[in-house]
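Letters A, B, ... mirror the listed sequences (proteins, then strands); counts begin at 1. Worth knowing before you read on, the calculation uses all heavy atoms, side chains too, and leaves out hydrogens, waters and symmetry mates.
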Amino acid sequence: MNVRVRYAPSPTGLQHIGGVRTALFNYFFARSSGGRFILRIEDTDRERYDEKSLQDIHDTFSWLGIRWDEGPDVGGDYGPYVQSERSGLYREYAQKLIESGHAYYAYDTAQELLSAREEQEGKGSGYDRRFRDMPEDEKEEYRNRGIQSVVRFKVPLDGSTTFHDSVLGEVSWANEDVNPDPVLLKSDGYPTYHLANVVDDHLMEISHIMRAQEWIPSAPLHVLIYRALGWEPPEFCHLPLVMGDDGQKLSKRHGATSLLEFRSAGYLPDAIINYVSRLGWSYDDKREIFSTAELEELFSLEKISKAPAIFDYKKLEWLNGVYIRELSSDALYDAVLPFMEESGTVGNPPTDDHARILRDAIPLIQERLKYLKDAPAMLGFLFGEPGAYSPEDLLPKKLTVEETLGILQAVKPMVRVVPDMSDDENEQKFRSMADELGTKLGNLLMPIRIAITGSRISPPLFGSIRLLGAELATERIEAAINLLKSQ
RNA sequence: GUCUCCUUCGUCUAGUGGUUAGGACACCGGGUUUUCAUCCCGGCAACAGGGGUUCGACUCCCCUAGGAGAUGCCA
């Protein structure tokens with residue numbers, strides 16, 4: 001079969017995890033089956049339309065490195081790929097449905113529908129179909145009153161509709177449980193999702209409709225529309241939902257909603273792709289790490305699960321660390337630099353000196369970085385003052401002010417020559433000094449660490465001193481000595 | 001309310017009638033280590049419940065419960 005799948009976002013909000021997951025599954029299915037991946041913009045809701053959202057779609061997927069084979073910006077043989085540019089088509093098919101008796105004009109006002117819904121108080125028996133069988137002369141009165149019409153689909157009152165779903169198998173619905181006579185064409189002349197999606201998927205020769213499970217109740221309706229138009233529906237493939245940690249559909253409450261927020265939080269696109277791809281899909285009982293290239297090859301419909309998945313930030317954090325560690329030094333430098341600039345830790349662009357220091361500092365922080373965003377805090381002491389600390393912070397456990405003072409004074413001349421020696425040589429030297437002072441290496445190094453970095457947690461000491469320079473390092477030791485003396 | 005989908009460790013999942021129910025994250029211990037992190041070793045922890053079918057059910061069927069989704073001139 002010739003696989004053609006689409007991601008069809010509506011530009012009414014920023015791209016979020018759920019949408020991206022749907023896009024990714026479509027994309028990987030297309031790639032792994034030698035098919036085509038299509039982007040279609042479903043901008044039929046003119047009230048919620050938002051220019052920024054359209055830009056966000058492009059920014060998001062360009063950041064992720066996902067490209068479509070056909071779409072508004074790249075063209076293709078089935079365009080236009082923006083629904084607002086296809087309005088004539090939808091009107092044409094709505095007209096056909098009316099002519100064939102599968103649809104009808106209705107003249108309810110928005111206000112009437114709203115209050116009718118409220119009256120039902122969630123008991124929701126749905127629309128009462130009052131225009132469905134109304135004689136033309138009676139409808140004429142509504143027209144004369146100037147009420148705008150919509151076109152509604154005539155859902156069969158009995159019988160049932162069956163469709164095949166790659167994930168769920170055979171699904172059968174009683175037609176009486178299908179949404180009663182939904183609107184196909186709105187009063188503003190634009191189609192609803194139901195009409196547009198059927199017309200476009202057919203015209204664009206979409207082979208598989210991969211979308212979230214929230215669409216399951218609409219599927220029988222869509223099948224009915226395909227049939228009414230004399231078309232064969234594509235294969236369906238309803239993807240399990242992605243939930244927040246409270247088990248509800250992922251939404252704004254659950255932290256970073258927009259995908260680009262993940263970028264500014266310091267996630268790597270590959271980590272996101274890897275993580276999101278494993279939400280509702282698996283390969284075997286061993287592998288967790290998949291590159292985009294591997295997913296393009298290995299993804300398969302059969303391994304999609306039915307149950308909803310909860311988005312686990314902890315596991316994503318771990319994966320992000322894994323991907324950060326796999327980066328080359330140069331790549332990590334490039335990834336970290338914007339965060340250093342944005343935080344003001346270095347200039348934009350950085351001085352040559354700062355660029356050099358940052359480049360050399362990368363290996364020191366690579367294995368301790370969970371998010372790119374953490375880099376400025378880890379390295380701040382190299383580009384400015386160390387973090388503030390109190391005299392007590394300098395004291396190793398169970399050591400007095402005097403003892404610590406002694407350590408710092410003994411160690412000061414050694415710090416000056418740290419950059420001239422290897423880490424091993426330094427360690428040996430400090431170790432014998434510790435022996436001499438009758439203390440542990442840790443007790444010797446911790447006060448220096450605090451003095452140099454301002455924190456008990458830091459990159460490896462000798463490397464840090466090397467990057468800071470003997471001069472500054474010594475000054476900081478002195479400052480620490482003076483602080484203790486003032487006690 | 002109604003309709004529909006779903007149900008293996010806390011989380012993501014492997015598993016397609018016979019397994020000590022496997023892996024990963026998280027968590028808890030231990031080791032390596034100049035702090036942190038990495039890394040290594042170990043541990044905790046699951047088939048929602050009840051009926052069937054079967055020599056045998058996590059696997060098949062039914063019911064119950066729980067969760068979720070839909071119920072718009074939004075997608």
For this session: Take nucleotides 11-16 of chain B nucleotide by nucleotide from the 5' end and write B, S or -, depending on whether a protein heavy atom sits under 4.0 Å from the base, only from the sugar-phosphate, or from neither.
Result: SBSSS-
Exercise. Are A:Arg40 and A:Asp201 ion-paired here, with the side-chain N under 4.0 Å from a carboxylate O?
Worked result: yes
Problem set entry | A:Arg325 side chain near B:rC39 phosphate (N/O to OP1/OP2, under 4.0 Å) | yes
Exercise. Tell me: CZ of A:Phe153 to C1' of B:rC73, nearest whole Å?
Worked result: 17 Å
Exercise. In whole Å, what separates the P atom of B:rC41 from that of B:rA21?
Worked result: 23 Å
For this session: Provide the distance between the two C1' atoms, one in B:rA24 and one in B:rG15, to the nearest whole Å.
Result: 16 Å
Exercise. Counting any heavy atom closer than 4.0 Å, what does A:Arg431 reach on the DNA or RNA strands: base, sugar-phosphate only, or nothing?
Worked result: sugar-phosphate
Exercise. Do the non-hydrogen side-chain atoms of A:Leu184 and A:Ile225 ever get within less than 4.5 Å of each other?
Worked result: yes
Problem set entry | More than 12 heavy atoms of other groups within 6.0 Å of A:Glu170 CD | yes
Problem set entry | Geometric cation-pi criterion, A:Arg129 with A:Phe131: 6.0 Å, 45° | no
Exercise. Reckon A:Ile216 touches a base, only the sugar-phosphate, or nothing at all at heavy-atom distances under 4.0 Å?
Worked result: sugar-phosphate
Exercise. Reckon A:Arg152 has a side-chain N or O less than 4.0 Å from the OP1 or OP2 of B:rC73?
Worked result: yes
Exercise. Is there a residue in residues 166-183 of chain A whose heavy atoms reach under 4.0 Å of RNA chain B, and which residues are they?
Worked result: A:Leu168, A:Trp173, A:Asp177, A:Val183
Problem set entry | Same-atom distance (P) from B:rG42 to B:rC58, integer angstrom | 28 Å
For this session: Give a yes/no answer on whether the side chain of A:Lys306 brings an N or O atom under 4.0 Å of OP1 or OP2 in B:rG69.
Result: no
Exercise. How close or far is atom P of B:rC36 from atom CZ of A:Arg449, stated in whole angstroms?
Worked result: 9 Å
Problem set entry | Check: A:Thr44 and A:Leu195 side chains under 4.5 Å, non-hydrogen atoms | no
For this session: Tell whether A:Ser187 reaches the base of B:rC73 with its side chain through a donor-acceptor pair below 3.5 angstrom.
Result: yes
For this session: Figure out the CD1/P separation between A:Ile147 and B:rC73, and round it to whole Å.
Result: 16 Å
Problem set entry | Span that lies between the C1' atom of B:rG43 and that of B:rU7, in whole angstrom | 28 Å
For this session: Please measure how far the P atom in B:rG18 lies from the corresponding atom in B:rA57, and state the result in whole Å.
Result: 11 Å
Problem set entry | Opposite nucleotide pairing with B:rU2, Watson-Crick or G-U, both atom distances under 3.5 Å | B:rA70
Exercise. Quick one: do A:Glu112 and A:Arg130 make a salt bridge, cutoff under 4.0 Å?
Worked result: yes
Exercise. How is A:Asp108 classified with respect to the nucleic acid when contacts are heavy atoms under 4.0 Å: base, sugar-phosphate, or nothing?
Worked result: base
For this session: Return the value, rounded to whole Å, for the distance between atom CH2 of A:Trp215 and atom C1' of B:rC5.
Result: 16 Å
Exercise. Between B:rA24 atom C1' and A:Tyr313 atom OH, what is the distance in whole Å?
Worked result: 20 Å
Exercise. B:rC74, B:rC25, B:rU34: which one has an atom nearest the side-chain heavy atoms of A:Pro460?
Worked result: B:rU34
Problem set entry | Between B:rC36 (C1') and A:Met378 (CE): distance, integer Å | 8 Å
For this session: Please tell me which of A:Pro217 and A:Arg368 maps to the more 5' nucleotide of RNA chain B, matching each residue to the nucleotide holding its nearest heavy atom.
Result: A:Arg368
For this session: Have a look at A:Tyr190 and say if it touches a base, only the backbone sugar-phosphate, or nothing, with a 4.0 Å heavy-atom cut-off.
Result: nothing
Exercise. Using purine N1 to pyrimidine N3 plus N6-O4 or O6-N4 for Watson-Crick, or N1-O2 and O6-N3 for G-U wobble, each under 3.5 Å, what pairs with B:rU35?
Worked result: none
Seminar exercise, completed: Checking A:Asp360, A:Asp420, A:Asp423 against A:Arg466 for salt bridge (Lys or Arg N to Asp or Glu O under 4.0 Å), the one that qualifies is A:Asp423
Exercise. In the structure shown, which nucleotide is the Watson-Crick or G-U wobble counterpart of B:rU19, with both distances under 3.5 Å?
Worked result: none
Exercise. With respect to A:His222, which candidate in A:His238, A:His194, A:His202 satisfies the ring-ring contact (aromatic ring centres under 6.0 Å, His included) definition?
Worked result: A:His194
For this session: Give a yes/no on whether any side-chain N or O of A:Thr44 is located under 4.0 angstrom from OP1 or OP2 of B:rA75.
Result: yes
For this session: Pull out every residue in residues 5-15 of chain A that has a heavy atom closer than 4.0 Å to any atom of RNA chain B, ordered by number, or say none.
Result: A:Ser10
For this session: Return the nucleotide paired to B:rC25: Watson-Crick means purine N1 to pyrimidine N3 with N6-O4 or O6-N4, wobble means G-U with N1-O2 and O6-N3, both under 3.5 Å.
Result: B:rG10
Exercise. Can you tell me how far C1' in B:rA70 sits from the matching atom in B:rG10, rounded to whole Å?
Worked result: 29 Å
Exercise. Is the shortest distance from a Lys or Arg side-chain nitrogen in A:Arg86 or A:Asp200 to a carboxylate oxygen in the other one below 4.0 Å?
Worked result: yes
Exercise. Do A:Arg48 and A:Asp45 meet the salt-bridge criterion of a basic N to acidic O distance under 4.0 Å?
Worked result: yes
For this session: Using a 4.0 Å heavy-atom cut-off across all strands, classify A:Thr453 as base, sugar-phosphate, or nothing.
Result: nothing
Problem set entry | Minimum side-chain heavy-atom gap A:Leu259-A:Val20 below 4.5 Å | yes
For this session: Verify the ring-centre separation between A:Phe311 and A:Tyr275: is it less than 6.0 angstrom?
Result: yes
Exercise. Which part of the nucleic acid, if any, lies within contact of A:Pro191, taking any heavy atom under 4.0 Å across all strands shown: a base, the sugar-phosphate backbone alone, or nothing?
Worked result: sugar-phosphate
Exercise. On RNA chain B, nearest-nucleotide positions of A:Val150 versus A:Asp423: which is more 5'?
Worked result: A:Asp423
For this session: Side chain of A:Glu367 only, please: which of B:rA70, B:rC73, B:rU38 is the nearest?
Result: B:rU38
Seminar exercise, completed: Rounded to whole Å, the CZ-P distance (A:Phe430 to B:rU33) equals 19 Å
Problem set entry | Ring geometry between A:Phe262 and A:Tyr313 (parallel below 30°, tilted from 30 to 60°, perpendicular above 60°) | parallel
Problem set entry | Aromatic A:Tyr127 / basic A:Arg152 pairing, under 6.0 angstrom, 45° off normal | yes
Exercise. Between B:rC62 and B:rG67, how far is it from one P atom to the other, in whole Å?
Worked result: 22 Å
For this session: Would you kindly give the CE-to-P distance between A:Met414 and B:rU34, to the nearest whole Å?
Result: 14 Å
For this session: Give a yes or no on whether a salt bridge exists between A:Arg132 and A:Asp181, defined as a side-chain N under 4.0 angstrom from a carboxylate O.
Result: yes
Problem set entry | C1' atoms of B:rA37 and B:rG31, separation to the nearest Å | 16 Å
